[in-house]
> 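I am attaching a structure below and will ask some questions about it afterwards.
As the structure is a prediction and not an experimental result, all values here were calculated from the model.
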Amino acid sequence: MNKLLTAVLALTVASVTGVAFAQDVAGDAKAGEKKIAMCIGCHGIPGYQASFPEIYKVPKISGQGGKYVASALHAYKKGDRKHPTMRGIGDTLSEQDIADLAAYYEQSGKADGATLPDAPRHEAAAPVAALLTKGACASCHGANFAKPIDPTYPKIAGQYADYLFVALKAYKTDNNPQVGRNNGIMGGVAKQFTNAELKALAVYVASLDGDLKSIPQNRFK
């Protein structure tokens with residue numbers, strides 16, 4: 001077992017323990033639907049672009065795992081993720097709000113009977129395949145990058161490539177009050193790679209079939 005995978009497994013316990021408190025609050029998707037007004041101005045517009053810290057498409061979150069959505073929102077609320085807008089939103093959310101939003105986005109856009117292949121429909125080119133192996137990406141995100149081994153990890157197949165690239169770079173950023181993500185697992189992974197290598201990984205993962213969607217929403221309903 002390589003050293004990175006050993007570290008990932010060791011840190012998983014700490015990661016799950018850190019979000020355990022969030023799992024004690026039951027989420028209600030219908031209640032969450034009434035709380036998405038603050039979300040849909042960005043995440044309810046397919047292809048909508050953010051401009052900080054650079055221009056990139058905001059992530060698709062409909063169809064994302066609910067426990068990951070909750071974990072991410074708690075990370076913004078706590079300050080482990082430092083995006084100013086998302087931190088400001090996180091600060092306004094109660095534990096119940098986070099649970100309800102997570103439940104809503106997990107079921108949003110789901111199609112009955114829809115399934116994904118157990119492995120990507122197209123293999124990565126040899127250089128990218130080597131990067132995926134080096135980062136042990138499938139060991140957490142699943143063989144098809146859409147079935148993570150732990151529900152607090154994100155589905156990443158089909159996510160916007162430019163968002164994935166910005167997120168991966170954020171894990172490499174230290175000592176910046178407005179940019180960066182503090183996560184021991186992903187920090188250890190991302191810091192192994194150059195930015196060019198991270199972009200290659202992001203482009204490949206974005207090309208895969210996944211559950212993630214950006215579903216248009218009426219802001220005035």
> In chain order, what residues pass the side chain to side chain contact (heavy atoms under 4.5 Å, CB included) check against A138, with sequence neighbours excluded?
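Once residues adjacent in sequence are excluded, the partners of A138 under the side chain to side chain contact (heavy atoms under 4.5 Å, CB included) criterion are F145.
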> Working to the nearest 0.5 Å, report the span between CD of E106 and OG of S62.
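Reported to 0.5 Å precision, the distance equals 11.5 Å.
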> Any salt bridge linking K30 with D28? Criterion: basic side-chain nitrogen under 4.0 Å from a carboxylate oxygen.
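A salt bridge is absent here (no side-chain N lies under 4.0 Å from a carboxylate O).
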> Cut-off 3.5 Å, no hydrogens considered: what does the side-chain donor-acceptor table look like for residues 37-50, sequence neighbours left out?
unit_1, atom_1, unit_2, atom_2, d
H43, ND1, P59, O, 3.0

> Could you walk me through whether L93 and L101 pass the side-chain contact (heavy atoms from CB on, under 4.5 Å) test, one step at a time?
CA-CA 10 Å; L93 300 175; L101 288 169; 4.0 Å; yes
> Show your working on salt bridge (charged side-chain N to carboxylate O under 4.0 Å, His left out) between D162 and K199 and close with a plain yes or no.
CA-CA 8 Å; D162 50 358; K199 180 173 283 189; over 6 Å; no
> Linking I/L/V/M/F/W/Y whenever their side-chain heavy atoms sit closer than 4.5 Å, directly or via other members, would I215 and Y105 fall into one cluster?
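No, it is not one cluster - the side chains of I215 and Y105 are not joined through contacts under 4.5 Å.
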> Tell me whether the count of non-hydrogen atoms from other residues, nucleotides or ligands lying under 6.0 Å of NZ in K191 goes above 12.
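Counting other residues, nucleotides and ligands, NZ of K191 exceeds 12 neighbours.
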> Can D209 and R121 be counted as an ion pair, charged N to O under 4.0 angstrom?
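R121 and D209: salt-bridged.
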> Does the N144 side chain pair with the main chain of P117, one donor and one acceptor, at a distance under 3.5 Å?
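It does hold such a pair.
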> Do M186 and V179 sit in the same hydrophobic cluster, where Ile, Leu, Val, Met, Phe, Trp and Tyr count as joined when their side-chain heavy atoms come under 4.5 Å apart?
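Shared cluster, no.
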> Taking atom NZ of K35 as the centre, report whether more than 12 heavy atoms of other residues, nucleotides or ligands fall under 6.0 Å from it.
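Atom NZ in K35 is crowded, with more than 12 foreign heavy atoms closer than 6.0 Å.
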> For H141 and P154, indicate whether the former's side chain and the latter's backbone hold a donor-acceptor pair under 3.5 Å.
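Such a contact is found between H141 side chain and P154 backbone.
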> Would you say Y56 and F52 are hydrophobically clustered, going by side-chain heavy atoms of ILVMFWY under 4.5 Å?
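Y56 and F52: separate clusters.
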> Within 45° of the six-membered ring axis of Y160 and under 6.0 Å from that ring's centre, is NZ or CZ of K60 located there?
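Output yes; distance and angle both within limits.
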> May I ask whether L168 and L208 are part of the same hydrophobic cluster, defined by side-chain heavy atoms of I, L, V, M, F, W, Y residues being less than 4.5 angstrom apart, directly or through others?
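As far as the 4.5 Å side-chain criterion goes, L208 and L168 are connected within one cluster.
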> Minimum heavy-atom separation for G135 and Q192, please, with both atom names.
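Scanning both residues, the minimum pair turns out to be CA-NE2, 3.9 Å.
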> Less than 6.0 angstrom from the centroid, inside 45 degrees of the normal: does R87 satisfy that with respect to the ring of Y76?
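Checked: cation-pi criterion not met.
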> In the single-linkage hydrophobic clustering (I, L, V, M, F, W, Y; side-chain heavy atoms under 4.5 Å), do V189 and Y171 co-cluster?
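Linked, V189 and Y171 end up in one cluster.
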> Salt-bridge test for D118 and K147: reply yes if a basic N is under 4.0 Å from a carboxylate O, no otherwise.
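Salt bridge between D118 and K147, a charged N being under 4.0 Å from a carboxylate O: yes.
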> State, with a plain yes or no, whether a side-chain heavy atom of Y153 is found less than 4.5 Å away from one of S71.
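The answer is no; the side chains never approach within 4.5 Å.
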> Have S94 and D97 got a donor and an acceptor in their side chains that come within less than 3.5 Å?
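Side-chain D/A pair, S94 to D97: present.
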> Are the side chains of V166 and E54 in contact, using a 4.5 Å heavy-atom criterion?
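Result yes, sub-4.5 Å side-chain heavy-atom pair found.
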> Do K169's NZ or CZ and the ring of F165 fall within the cation-pi criteria of under 6.0 Å and 45°?
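Yes; both conditions hold, so K169 lies above the ring face of F165.
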> Connecting only ILVMFWY residues whose side-chain heavy atoms lie within less than 4.5 Å of each other, what is the rest of L116's hydrophobic cluster?
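Besides L116, the hydrophobic cluster comprises nothing; the residue is isolated.
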> For Q96 and A26, indicate whether the former's side chain and the latter's backbone hold a donor-acceptor pair under 3.5 Å.
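Such a contact is found between Q96 side chain and A26 backbone.
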> Does I36 form a side-chain contact (heavy atoms from CB on, under 4.5 Å) with Y104? I'd like the steps, not just the answer.
CA-CA 9 Å; I36 61 171; Y104 171 78; 3.7 Å; yes
